[in-house]
Amino acid sequence: MKLRMSVVRSLFCAFVMAGSQTAFAQSTISATPIADRYRVNATRLIAAALADSAAYNRLARLTDTFGHRFSGSASLEAAIDWILAEMKRDGLQNVRGEKVMVPRWVRGNESAVLVSPRRYRLHMLGLGRSVGTPRAGITAPVLVVGSFDEFARRQSEAKGKIVLFDAPFTSYGETVAYRGRAASTAARAGAVAALIRSIASNSMQNPHTGAMSYDTTVARIPAAALSVEDAMMLHRMSDRGEKIVVTLKMEAKTLPDVPSRNVVAEIRGSEKPDEFVVIGGHIDSWDVGTGAMDDAGGSVAAWEAVRLIKDLGLKPRRTIRVVLWTNEENGTRGAHAYRDMHASELDKHVLAMESDAGVFKPLGYRVTGPDSAVAIARDIASLLAGIGATRVEAGGPEVDVGPLVERGVPAASPIVDGTRYFWYHHSEKDTIDKLNPREMAECVAVMAVLAYIVADMPGTLGRVTPAAGR
Ligand SMILES: [Zn+2]
């Protein structure tokens with residue numbers, strides 16, 4: 001989605017004129033008024049973030065103690081209870097869980113066994129929201145295609161078969177369409193189940209789950225991901241003309257919604273407490289691995305950023321609110337509930353920042369907002385030269401802040417080195433050992449500096465102009 005943006009308020013003049021920290025004014029003849037004003041406090045925040053491995057240690061405690069945090073699970077709610085207690089111990093204000101009803105999809109036992117041309121247990125994970133199979137499973141010949149285009153040409157062969165979409169990974173944004181649409185595409189041609197090559201940029205036999213969806217006009221058939229290796233093997237067998245038969249068994253089912261919570265805590269603003277900078281991640285994960293990367297890391301980094309601002313005694317003019325959204329992965333109910341519960345405050349939300357790309361080496365910020373917001377972020381990012389995080393790009397928001405952007409709130413997210421993210425994403429391999437204490441500390445610094453400065457600076461980032469017709 002591309003958002004149409006326009007500058008509603010251009011506030012550079014406000015920054016130049018407001019010079020309460022005159023100590024730095026004499027070094028200010030450049031076009032970086034914000035950077036100069038906040039250089040000392042930014043340096044303190046960066047030093048504090050890099051001083052130890054507090055963020056990584058907190059992430060380790062969270063993921064080691066509670067494991068995954070899938071919507072509807074006891075482990076998610078236990079993790080939220082612990083975080084709320086820890087936030088209170090940290091001395092954050094207005095610590096609370098805001099109730100959200102979330103879907104409860106249960107995986108159950110599952111397997112995919114190749115029965116011809118040889119017997120072999122395939123590496124598989126059912127896709128989130130999929131229906132299950134009959135108890136005896138579905139045993140059927142497999143039609144292997146490499147793309148939706150190839151399937152369109154060969155759909156007359158699909159009736160009564162399991163269709164495997166073995167599409168190579170290009171980008172997540174492009175290839176994820178197979179996870180979303182494989183089942184209904186195959187069902188429309190009479191297929192009885194759908195398999196996909198995992199949406200992954202590298203693989204060590206780890207299948208990757210994630211949300212799929214059904215087109216309501218066709219039958220709901222079960223859908224699962226195979227490891228890249230196994231999908232490619234079936235494709236080679238197919239190319240050789242071998243008869244492929246698979247037995248798919250899945251107990252997956254959707255139970256009634258259950259309550260969960262968005263985690264909210266604040267540092268109240270010293271002058272404008274009813275204006276907000278929101279900073280966060282999503283506290284839920286998939287039901288495999290521990291979701292250390294996606295997105296416990298982003299959640300803890302945001303939380304630690306706010307704790308450091310408080311512990312350094314910084315008192316921003318506006319309120320900084322950490323929000324850990326629930327149910328990003330299979331419903332985004334937390335993001336929509338936050339928007340609805342705080343609807344009357346949204347015109348006073350000056351920035352919403354989410355980290356949801358892994359707390360890898362940070363490189364800068366992606367900003368959703370008017371040109372003036374990008375320019376201010378570039379100015380602020382110059383303060384991160386010491387950790388190499390000065391890149392600023394205009395771009396779309398992370399998922400949980402999307403509903404806020406639609407109401408005009410500017411958004412930001414750390415740009416990180418994404419090389420390894422889709423090796424582990426939504427798989428058993430998403431565990432904390434894939435992350436690095438120093439890189440995570442740098443992510444804390446990047447989030448703390450932007451949140452603090454935007455919460456304290458005289459002007460705002462302006463507003464996002466909602467797309468026409470929304
Ligand atoms: Zn995520």
Side-chain angles (χ1 to χ4, degrees), residues 1 59 62-63 66-73 75-76 79-80 83 100 102-103 105 125 127-129 171-173 175-176 179-180 198-201 206 208-213 225 260 262-263 278-303 322-338 352-360 362 366 368 395-405 411-432 434-435 440 443 447:
M1 175 178 64
L59 175 62
L62 170 63
T63 56
F66 301 100
H68 77 70
R69 298 165 309 287
F70 192 46
S71 289
S73 70
S75 58
L76 170 60
I80 289 172
I83 292 168
V100 183
V102 298
W105 179 80
L125 273 176
L127 296 183
R129 303 201 280 220
S171 67
Y172 185 69
T175 316
V176 77
R179 196 180 75 206
S198 286
I199 312 303
S201 60
N206 50 321
H208 300 241
T209 190
M212 55 83 68
S213 59
S260 182
N262 286 333
V263 173
V278 162
I279 171 175
H282 65 83
I283 191 53
D284 68 306
S285 71
W286 277 100
D287 59 336
V288 291
T290 63
M293 196 186 69
D294 184 13
D295 183 25
S299 295
V300 172
W303 169 14
V322 55
V323 181
L324 309 183
W325 290 274
T326 194
N327 186 228
E328 187 271 350
E329 296 290 4
N330 60 330
T332 60
R333 298 275 188 89
H336 290 97
Y338 181 85
M353 173 168 34
E354 179 173 25
S355 165
D356 189 18
V359 285
F360 294 106
R366 180 170 301 109
T368 313
E398 294 289 0
V399 168
D400 294 296
V401 299
L404 306 182
V405 170
S413 50
I415 299 171
V416 298
D417 173 6
T419 308
R420 303 188 304 283
Y421 189 68
F422 293 108
W423 299 6
Y424 312 124
H425 177 254
H426 297 182
S427 85
E428 285 287 353
K429 312 303 181 191
D430 181 357
T431 47
I432 190 173
K434 312 307 186 303
L435 299 167
M440 184 173 182
C443 287
M447 296 187 84

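Order of listing sets the numbers, starting from 1, for every ligand and every atom in it. Heavy atoms only: backbone and side chains are in, while hydrogens, waters and symmetry mates are out.
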Restricting to N/O/S, name the atom of D294 that gets closest to the Zn ion (ligand 1).
-> OD1
Please check if any side-chain donor atom of [X] sits under 3.5 Å from a side-chain acceptor atom of [Y], or the reverse.
{"X": "H282", "Y": "E354", "result": "no"}
{"X": "H426", "Y": "D294", "result": "yes"}
{"X": "R333", "Y": "Y338", "result": "no"}

Check whether NZ of the Lys or CZ of the Arg K429 lies under 6.0 Å from the centre of the six-membered ring of Y424 and within 45 degrees of that ring's axis.
-> no
NE2 (H282) to the Zn ion (ligand 1) to OD1 (D356) angle, given to the nearest 10 degrees | 100°
Would D295 count as a contact for the Zn ion (ligand 1), in the sense that one of its N, O or S atoms lies under 2.8 Å from it?
-> no
Measuring to the Zn ion (ligand 1), does E328 have an N/O/S atom at a distance below 2.8 Å?
-> no
